[in-house]
Amino acid sequence: MKEKLNRFHIGIFIYMIELDVTVFSLPRLVAENFGTNGWLGLLALSLVAFANIGLIHFVYRLGKGRSIFQIIETALPKWCAYPLYVLLAGFWLSVGAFIGKDFILIFQMLAFQSTDSMLIFFMYCLMAYFLLIKDLYSIMKAVTLFFILTTALNGLFPFFFQEWKLIRLTTSFFQDAQPGGHSLYGMAEMYTVFVGYELCMLMFPYVNEKSKLFQGVYFGQLFTVFLQQLFVWVSFGFFSFPELKVLSYPLIHTLEYVEFPFINRMENLIFPFFLFSNLLSTVFFSFASMLCLRRIFPQARPKLIEFFLILGVFLLGYIPKILRQSELLVRHSYFIEIGIAIVLPLLLLLFIKVGQWRQKEVKV
Amino acid sequence: MMFRLGKLLLRLLSAPRSPTSSGAPPARTDQPEPTLAHILKEFDKCMDVSHRRFASLGMDVVYLSYLVGNEELYRDIIQPFSKASEREAAVILDNPPYAEAKDATACVDGILAGRAAIFFRDKTYLVKIDTSTGRSIEQSESETVISGPHDGFVENMEQNLSVLRRRIKSSHLKTIELPVGEISRSNVVLVYLEGIANDELVQMLIERIRSVEIDSIMDASMFVQLIDENPDSVFPQFLTTERPDAVASKILGGRIAGFVDGSPSVFCTPTSFFDFFSSPDDYYQRWLLGTSLRVLRLFGFLITICFTAFYVSITTFHYEMIPHTMLLNLTESRSRVPFPPLIEALLMEGTIELLREAGARLPTKIGQTIGIVGGIVIGQAAVQAGFTSNILIIAVATSAIASFVIPSYIMSASLRLIRFGLIILAGILGNLGLIMGIGFVMIHLAGITNLGTSYLTPLAPFNFGDVLDTFVRGPFWALRKRPSIVKTKNKVRTKMRK
């Protein structure tokens with residue numbers, strides 16, 4: 001009774017992997033880089049993400065469902081492919097580690113100023129390990145639960161209705177951006193909020209025709225864009241525009257306004273729920289890394305690679321010591337990841353063509 | 001040394017594998033004849049073995065006197081054979097209920113199961129003359145309902161099966177008997193509806209039961225631990241119940257039920273985590289009331305695992321979360337307590353668990369007294385002595401009460417254990433620790449399967465249809481389909497076959 005992933009799983013996987021630390025500062029990034037009514041710019045930028053997914057979809061169709069490793073190995077000899085796998089594995093592992101450490105440092109800043117961040121990060125890594133040693137279907141079951149928990153937080157939106165003013169969105173478009181906004185760097189910085197969908201490339205072997213992989217990917221991306229728009233709209237109508245540009249994490253600041261008669265400062269309780277989405281980003285980047293290494297060491301003992309990977313995540317967590325460092329690391333590694341998201345499918349298309357030519361030559 | 005190693009290697013290579021290692025029982029190729037001498041030797045030094053001789057017929061009867069009923073003995077042995085001729089005896093023995101025993105093992109097993117072995121003209125026959133002892137059908141003490149049937153299963157499996165047969169009058173109700181226990185030779189009977197239960201799951205369960213290697217089994221709750229997929233998990237993976245109506249509804253829903261010799265509990269599979277939160281009562285009341293009870297139980301589930309941990313978290317790390325009006329009372333109450341909240345909570349939770357365990361082990365009347373002494377006297381004295389804060393007493397007591405709204409005692413006990421873990425994590429990392437603890441539990445739950453099906457159905461994989469009969473109790477017109485977890489081909493409840 002081997003279960004296959006379905007489009008629902010894929011959809012929530014895309015949503016959860018994209019909902020990471022970048023979302024906390026999303027409204028500020030939009031204000032800085034696009035200016036007033038920047039949500040429209042974010043919407044336009046999401047079209048690029050959809051186009052990128054279209055490119056990956058094309059690879060899936062042309063590759064007839066083969067895994068990216070099979071595609072690479074039809075064109076490249078193993079001695080050439082394996083270093084590429086090692087590079088990808090190392091990079092993806094670092095991305096996962098930096099996301100996790102960044103989240104922990106943000107949390108430390110909010111609630112545990114005197115606690116060693118590595119102690120909290122150790123617990124985080126422990127959770128990541130217990131998830132990573134499971135099969136993908138079980139991971140997806142955990143993803144479903146985490147998705148329900150994090151999505152339920154959106155039920156807090158009505159709390160902001162009273163303070164939300166349409167007038168704060170202003171009537172001007174793309175004005176008052178920060179110096180350096182409206183630039184390629186600024187766009188790339190904005191685009192980091194979409195990073196994660198490209199990992200659907202690694203899901204090819206885990207789906208079949210019935211799974212409708214790309215329906216799930218498109219749906220997941222659409223849902224993410226919808227919620228990102230919601231976050232941005234709430235923040236733009238809740239805070240004034242100049243205020244928005246100076247708040248480090250507008251999303252967390254909005255949570256501070258949620259109060260119940262029996263409990264105050266709800267952000268202390270709500271914010272930890274974002275642990276799950278960040279944890280899943282770490283786990284899926286580590287999973288991608290694991291797939292690369294498993295390709296090189298197919299006979300490795302179960303859980304051994306996973307153990308060393310999470311150990312690697314933990315050790316990489318020592319690199320960023322302060323929040324500024326970790327944010328920079330996340331941003332720069334995401335820039336590289338954006339490059340991978342575009343270049344890797346193009347390379348795969350090339351490899352598929354090379355493979356087809358070779359097959360033709362063999363037939364002749 | 002090398003010589004020894006070589007010998008060992010040679011032995012490993014040449015010796016045939018023991019058939020028991022693969023889980024299958026050893027093949028019996030050279031069975032001894034079921035002769036009187038052999039059987040008497042087998043039951044040597046058994047004071048309860050009876051040997052009766054009908055000299056005129058040359059017939060011997062052997063049985064275990066404590067297992068057989070006098071009435072049955074008279075009806076099937078004494079009356080027919082005391083005045084019969086040899087020819088008449090032969091005719092009687094060739095007809096039911098008398099059956100020939102082919103080998104000595106079958107004969108010994110038969111005697112142990114309460115049959116009489118009749119040795120006549122070089123042949124051995126068995127006839128069932130056992131009597132059922134034990135309590136009669138009565139209400140289950142661990143699973144009480146307010147409305148609905150009040151009968152509960154008992155220790156006698158035949159009686160239990162008859163109760164079930166009376167509820168599901170269908171020839172599709174199949175019963176498969178499987179012996180388990182090398183010494184106890186208990187029987188496990190699997191019951192399912194052919195055409196509704198998934199054949200692959202039935203086969204998987206049969207194979208799993210056949211592969212069990214153990215000397216004896218005492219109860220269904222013990223047996224299921226031998227056949228579940230995650231033996232190290234704190235969560236029960238097979239639903240066990242003492243209620244015939246619950247078992248009947250599970251079977252009708254496409255599940256497989258398992259009866260175990262000598263156990264009033266019956267296990268049902270495949271089971272989801274949320275099945276442990278439903279009670280037959282939900283279906284005997286109006287659907288809105290049933291739904292509100294289910295929601296209440298799920299709320300109780302959250303309270304029982306989180307409430308004390310949340311108290312520890314906010315009083316240790318997040319005082320700012322407490323509203324001003326409550327803060328003064330809490331600070332005043334906590335100011336006299338010498339322990340940090342974590343220790344205070346663990347002490348009180350430990351005390352509550354002691355009280356619960358003491359109440360469960362003592363006779364009912366004394367158990368009630370213990371509850372009063374523990375709950376009121378110790379609780380009150382602990383607050384006055386500055387041993388604990390009264391708000392913690394409220395938190396701990398609420399958590400304990402909430403744990404008892406969960407219909408399954410085994411699940412309730414598991415959740416109580418998890419609560420301790422969450423309290424410790426909350427004491428170390430506050431709200432983050434609490435959320436991390438919940439995350440650990442969820443990750444663990446995500447890995448559990450029951451007969452290959454997801455333990456988290458219908459949440460993961462998500463199934464809206466099943467949600468209507470899990471988190472709410474939908475009206476009967478909406479519950480037209482069988483749960484997806486059973487993987488049945490006959491999805492519509494009103495149809496037997498497609």
Side-chain angles (χ1 to χ4, degrees), chain A residues 1-6 8-9 11-12 103-104 107-108 110-112 114-115 119-120 122-124 126-135 137-150 256 259-276 279-280 283, chain B residues 198 200-201 203-204 229-230 270 272-273 306 310 313-314 316-327 425-426 428-464 467 471 484-485 487:
Chain A
M1 293 238 165
K2 199 87 183 152
E3 303 273 4
K4 281 272 177 188
L5 301 180
N6 59 40
F8 176 75
H9 288 132
I12 58 172
F103 173 76
I104 297 299
F107 193 84
Q108 196 199 20
L110 291 175
F112 288 99
S114 57
T115 311
L119 170 76
I120 311 174
F122 173 76
M123 294 292 290
Y124 182 88
L126 209 61
M127 286 181 86
Y129 174 72
F130 282 122
L131 256 181
L132 197 61
I133 55 172
K134 297 200 182 315
D135 59 302
Y137 192 74
S138 296
I139 297 177
M140 285 301 185
K141 283 193 280 179
V143 172
T144 312
L145 291 183
F146 294 157
F147 167 78
I148 292 166
L149 281 181
T150 48
E256 287 171 11
E259 257 185 22
F260 290 101
F262 50 89
I263 201 156
N264 292 345
R265 300 293 299 271
M266 279 293 284
E267 83 275 12
N268 282 309
L269 187 62
I270 298 165
F271 185 71
F273 279 94
F274 285 100
L275 164 91
F276 297 135
L279 177 77
L280 289 176
V283 167
Chain B
N198 184 305
E200 209 180 318
L201 293 183
Q203 207 48 45
M204 196 192 289
E229 279 136 88
N230 304 272
S272 127
F273 174 72
C306 293
F310 188 54
S313 169
I314 57 170
T316 312
F317 296 99
H318 309 287
Y319 258 107
E320 70 276 13
M321 290 180 76
I322 306 161
H324 182 68
T325 43
M326 263 170 77
L327 188 63
L425 278 170
I428 299 169
L429 286 174
N431 285 345
L432 183 70
L434 176 60
I435 301 294
M436 275 182 165
I438 293 171
F440 275 119
V441 174
M442 283 182 171
I443 292 168
H444 174 66
L445 286 172
I448 298 178
T449 51
N450 184 241
L451 283 191
T453 58
S454 170
Y455 194 53
L456 288 171
T457 310
L459 274 190
F462 188 78
N463 187 304
F464 181 73
V467 167
F471 302 108
S484 63
I485 193 171
K487 299 184 188 300

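Numbers restart at 1 for each chain; the letters A, B, ... are given by sequence-line order, proteins then strands. Quantities reported herein were computed from a predicted structural model and do not represent experimental measurements. Just the heavy atoms: all of them, side chains too, but no hydrogens, waters or symmetry mates, feed the values below.
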Go through the steps to decide whether B/Asn450 and B/Thr453 satisfy the test side chain to side chain donor-acceptor pair (under 3.5 Å), and finish with yes or no. CA-CA 5 Å; B/Asn450 184 241; B/Thr453 58; 4.7 Å; no
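Heavy atoms only, all atoms of each residue included: A/Met127 and B/Phe440 are closest at CG-CZ, 3.3 Å. Across A/Pro272 and A/Phe107, no two heavy atoms sit closer than the pair CG-CE1, 3.6 Å.
Judged by distance alone, the side chain of B/Glu229 and the main-chain N or O of B/Gly452 form a donor-acceptor pair under 3.5 Å. With hydrogens and angles ignored, the 3.5 Å screen pairs a side-chain donor or acceptor of A/Gln108 with a backbone N or O of A/Thr115. Using a distance-only test at 3.5 Å, with no hydrogens or angles considered, no donor-acceptor pair links the side chain of B/His318 to the main chain of A/Asn268. At distances below 3.5 Å, not a single donor-acceptor pair connects side-chain atoms of B/Thr316 with backbone N or O atoms of B/Ser313.
Looking at B/Leu425, the atoms closer than 4.5 Å to chain A (heavy atoms on both sides) all sit in the side chain, from C-beta outward. For B/Ile443, the parts lying under 4.5 angstrom from a heavy atom of chain A are both the backbone and the side chain. When heavy atoms are compared at a cutoff of 4.5 Å, B/Thr449 approaches chain A solely by way of its side chain, counted from C-beta outward. Neither the backbone nor the side chain of A/Ile133 comes within less than 4.5 Å of any heavy atom in chain B. Interface residue A/Tyr124: backbone and side-chain heavy atoms are both found under 4.5 Å from chain B. Contacts between A/Leu269 and chain B at a heavy-atom distance below 4.5 Å involve backbone atoms as well as side-chain atoms. Both the backbone and the side chain of A/Ile263 come within less than 4.5 Å of a heavy atom in chain B.
In terms of heavy-atom pairs under 4.5 Å with chain A, the best-connected choice from B/Leu459, B/Asn431, B/Ile428 is B/Asn431. Top candidate by heavy-atom pairs under 4.5 Å with chain B, chosen from A/Phe276, A/Phe8, A/Phe112, A/Phe260, is A/Phe112. In terms of non-hydrogen atom pairs under 4.5 Å with chain B, the most contact-rich of A/Leu131, A/Leu149, A/Ile139, A/Leu119 is A/Leu131. Taking B/Met326, B/Met442, B/His324 one by one and counting their heavy-atom pairs under 4.5 Å with chain A, the maximum is reached by B/Met442.
Ring geometry for A/Tyr137 versus A/His9: interplanar angle over 60°, hence perpendicular rather than tilted (30 to 60°).
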